[in-house]
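Below: one structure, written as structure tokens.
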Amino acid sequence: MNKKYDGKETFAQWQESWKLEDRYNFKTIEKKWQAIWDEEKAYHVEPDEKKDKFYALVEFPYPSGAGLHVGHPRSYTALDVISRKKRMQGFNVLYPMGFDAFGLPAENYAIKTGVHPAVSTAANIATFTNQLKSLGFCFDWDRCISTCDPEYYKWTQWMFIKFFEKGLAYKDKIAINWCPSCKVGLANEEVVNGCCERCGAQVVRKDKEQWMIAITKYADRLINDLDDLDFIDRVKSQQVNWIGRSEGAELDFKFGDDKLTVFTTRPDTAFGVTYMVLAPEHEFVQKYMGKFDNQAEIKAYVEATAKKSDLQRTQDDSKTGVELKGIKAINPFNGKEIPVFISDYVLTGYGTGAIMAVPAHDQRDYDFAKVFNLPIIQVLDGGNIAEKAFEEDGPHINSSFLDGMNKEDGMKAAIDYAVEKGFGRSKVNFKLRDWVFSRQRYWGEPIPMVYCEHCGWQPIPEAELPLKLPEVPDYHPNDEGESPLSKAGDWLYTKCPKCGAKARRETDTMPNWAGSSWYFLRYCDPHNDKEFASKEALDYWMNVDWYNGGMEHTTLHLLYSRFWHKFLYDCGLVSTKEPYNKRTSHGMILAENGEKMSKSRGNVINPDDIVAAYGADTFRLYEMFIGPFDQVAMWSDESLMGVYRFVGKVYNLFKKVYKDIVPSDKDLRAMHKCILEVTERIDQMKFNTAVSSLMTYVNYLSGLDKIAPELYSTLLKLMTPFTPHLAEEMWARLGNGNLIIDAEWPQGDKALAQDDVVTIAVQICGKMRGTVEVPANASKEDVEKAAMTLDNVMRQIEGKEIRKVIVVPNKICNIVV
RNA sequence: GCGAGCGUGGUGAAAUUGGUAGACACGCCAGAUUUAGGUUCUGGUGCCGCAAGGUUUAAGAGUUCGAGUCUCUUCGCUCGCACCA
């Protein structure tokens, strides 16, 4: 540990002993302090009832072969800054790190090279760990976890079984999004513009048996519970949008011997229905096929639709379709017979896969009606339906008992009528679909289920967890969509846990969103082998107080993990409804020309190079100074140099510190101003301006001949979150025997930060005409009097009548003439 | 199309939330020191003008004693969702 200044030598001699002729040598300083932190376990935390806890969380990385990207440290440094400050303010801070280690790249690498994913992943984790340590984050490395560790995924599997037991995990044959390139099924959330989020290949539909998790059962709660959370608005609105709640009604139309049920948000427009449309996949199309007059035409259209990808189906908004000739539907509101069509503009997965068409008040129906020459009946007054559908609100017309009503009354009356006559009911629908949870891949958690011919799907007994990944001869998935685990030989077959008959294991694995759905809980108690985490640990550490991560996870990981946590809450396994109190998001870091950094463009900045050339402290400080935290930022080597110069200046300032110097009032003013600004700006994540406050203060200190120790040690404390190594080093050089991270965060004093003379702007009719210096908090009259003495003011008001003078204390004086 | 947001010097950006626009930094210019230079230090730097001064926050209008900030219109950009009935 540090030698402490014991007063046996003069401070000047002590300072001399630090070889002041040396330039700022970040390499030795950073290595030295990283070793000390490691050795002293400076960042290890345990629950401590005497202290308030603070749980800071950043999204753990996927340990890719490419190593750490400059984007990762933006988020990590931000919460490192917050964590360090909170710790110095007396909180017991948990700031953990781990690895989201299951995933496709490791598997693709294995296919190419034959190296087992476990081997390459372990090597990558080692690299990442070194890189993260070289940046000096205050992670508690004793709590490091990895989702591919059997001791970890044991509990992921255990939780899956809970989902199964509660009926929320079920197997279903559905048309899924199939990526023909990755040969894997994707969740809706993983499909971007009809393409695979990962590889960009066009996604096709494929019917497959899949494990599903019923996230839709939580749709309402996932929306409503957002109200009490401190999430940035962008995140809230994107989640609300994605879940896509709409209120309306289901209505039953007569069709053949059946009821044809539709969902509509406007049941009050039912008198304007002139036709109906089914999705080509709708069950009635096949059921009644024998009764249609134009079967060949219908079959051809159904086939053509099946061949289309989702992208083709949605990109082309021209309306096509075929009438189901031979059967008419009957509108239950007025008994009218109406034609029924199939068309691909009706989606099979939303609502009931069928709609009632109101062409007068829905542009899509209007377009379709124009193509097929169908009648258009206006039922809401307004607009010009000769040109286009009228989609706004107006009083009902041509609608029997609804005539004259507004939307609200009309809705209520229409639903009441439908309920009374037994052909309808109010209904809420969501865009959100159940979570497709199967992946036809090797490097993921095995789904702990077996299939028995007598007993159906059965979970394996808890005692057999973790169900470890078996060795396989070959990691290739195949075109039929069979997982590599189907080649796992003996592993495949086992006994049915219920009847003991021969049973076959599930060969699909979990998506890599599984492990990350609950990792924040494991951090609370990472070595527990009896439970996923003890109740005591969870009660002390949860909730996460502040979670920072990328916007790209808003409708994926963030939504999934909120859902997962709510499920655990319902099972009585956690005691809070939501896992995260606060969610913020960082902007991406782009290359110098504004392009995305990518290997193929060759413009990737490697953090290791920056650390080697300028040091971790400069790198961290630069990432905080680069621009507003929540916005995209462009990397700039020149700006980085500016920050490096600043760090060097702070180092050199030590040479001007003298033990017996007493700070002046002006010095204290600068210091307290800096404390107040930095403290506030860190809390608001305005890191860029927090750094500029530090720069202003340092510029001030540079102007002094001799610096009082108090002024310098305060600077060091304020810089600890940003440049922890330098702060520790200089703190030690000031003669302190403890770590600066264990020092107290300085208290800013507003009164001491107040200037005694203020400059007031003098305006005439709102135009700036000059400034005057007056004592702080000068009276209105004094300010006015001083303002009148300005040459420029006297000239401007000469011969004019002064109508009003507005004085804002310490700010402005506006003379109205 | 719908939803969210943005537009300020040569560049990255500030602006106490309606009160001196351009803090802080990069770059540039000039000077000093120096190993020839990259280093370091000092001063200058929105635009027009020698200056006094004028002018300036995408464009236009409005509210106000006062607008980068609030309201409306137009233009431009970014992100998310997208035939969701």
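The sequence lines fix the lettering, A, B, ..., with proteins before strands; numbering per chain opens at 1.
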Open item on the list: Need the pair for B:rG27. Rule: Watson-Crick or G-U wobble, both distances under 3.5 Å, any strand; none if unpaired.
Closed with: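 B:rG27 is paired with B:rU45.
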Open item on the list: Using Watson-Crick or G-U wobble geometry with both distances under 3.5 Å, which nucleotide pairs with B:rC6?
Closed with: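 Across all strands, the one nucleotide that pairs with B:rC6 is B:rG76.
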Look at the side chain of [X] and decide which nucleotide, out of [options], has an atom nearest to it.
| X | options | result |
| --- | --- | --- |
| A:Ser246 | B:rG54, B:rG12, B:rA85 | B:rA85 |
| A:Ser639 | B:rG19, B:rC26, B:rA13 | B:rC26 |
| A:Lys811 | B:rU16, B:rU55, B:rC83 | B:rU16 |
| A:Thr264 | B:rA25, B:rA85, B:rG66 | B:rA85 |
| A:Thr689 | B:rA23, B:rC83, B:rU16 | B:rA23 |
| A:Ser692 | B:rA85, B:rA15, B:rC24 | B:rC24 |
| A:Trp242 | B:rG19, B:rA14, B:rC81 | B:rC81 |
| A:Met695 | B:rA25, B:rG66, B:rA13 | B:rA25 |

Separation of atom [atom1] in [X] from atom [atom2] in [N], rounded to whole Å:
| X | N | atom1 | atom2 | result |
| --- | --- | --- | --- | --- |
| A:Lys596 | B:rC79 | NZ | P | 10 Å |
| A:Phe687 | B:rA13 | CZ | P | 17 Å |
| A:Lys655 | B:rC41 | NZ | P | 11 Å |
| A:Arg266 | B:rA85 | CZ | P | 12 Å |

Task: No-H, no-angle donor-acceptor pair, A:Lys431 side chain to B:rC81 base, under 3.5 Å - done: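 A donor-acceptor contact between them is absent.
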Open item on the list: Do A:Leu229 and A:Asp227 make a side-chain contact, defined as non-hydrogen atoms from C-beta onward lying under 4.5 Å apart?
Closed with: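 A:Leu229 does not reach A:Asp227 side chain to side chain.
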Task: Which residue lies more 5' along RNA chain B, comparing A:Val808 with A:Ser318 via nearest heavy atoms - done: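 The residue closer to the strand's 5' end, by nearest nucleotide, is A:Val808.
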Open item on the list: Quick check: on RNA chain B, is the nucleotide nearest A:Ala354 upstream (toward 5') of the one nearest A:Ile806, or the reverse? Name the residue that is more 5'.
Closed with: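 Residue closer to the 5' terminus by nearest nucleotide: A:Ile806.
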TODO: State the syn/anti category of B:rG54 according to its glycosidic angle, syn meaning within 90° of 0.
DONE: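 Anti conformation here, the glycosidic angle of B:rG54 being more than 90° from 0.
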Open item on the list: Can you tell me which residue among A:Thr77, A:Asp630, A:Asn548 is in a side-chain hydrogen bond (donor to acceptor under 3.5 Å, both in side chains) with A:His586?
Closed with: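 Filter result, single survivor: A:Asn548.
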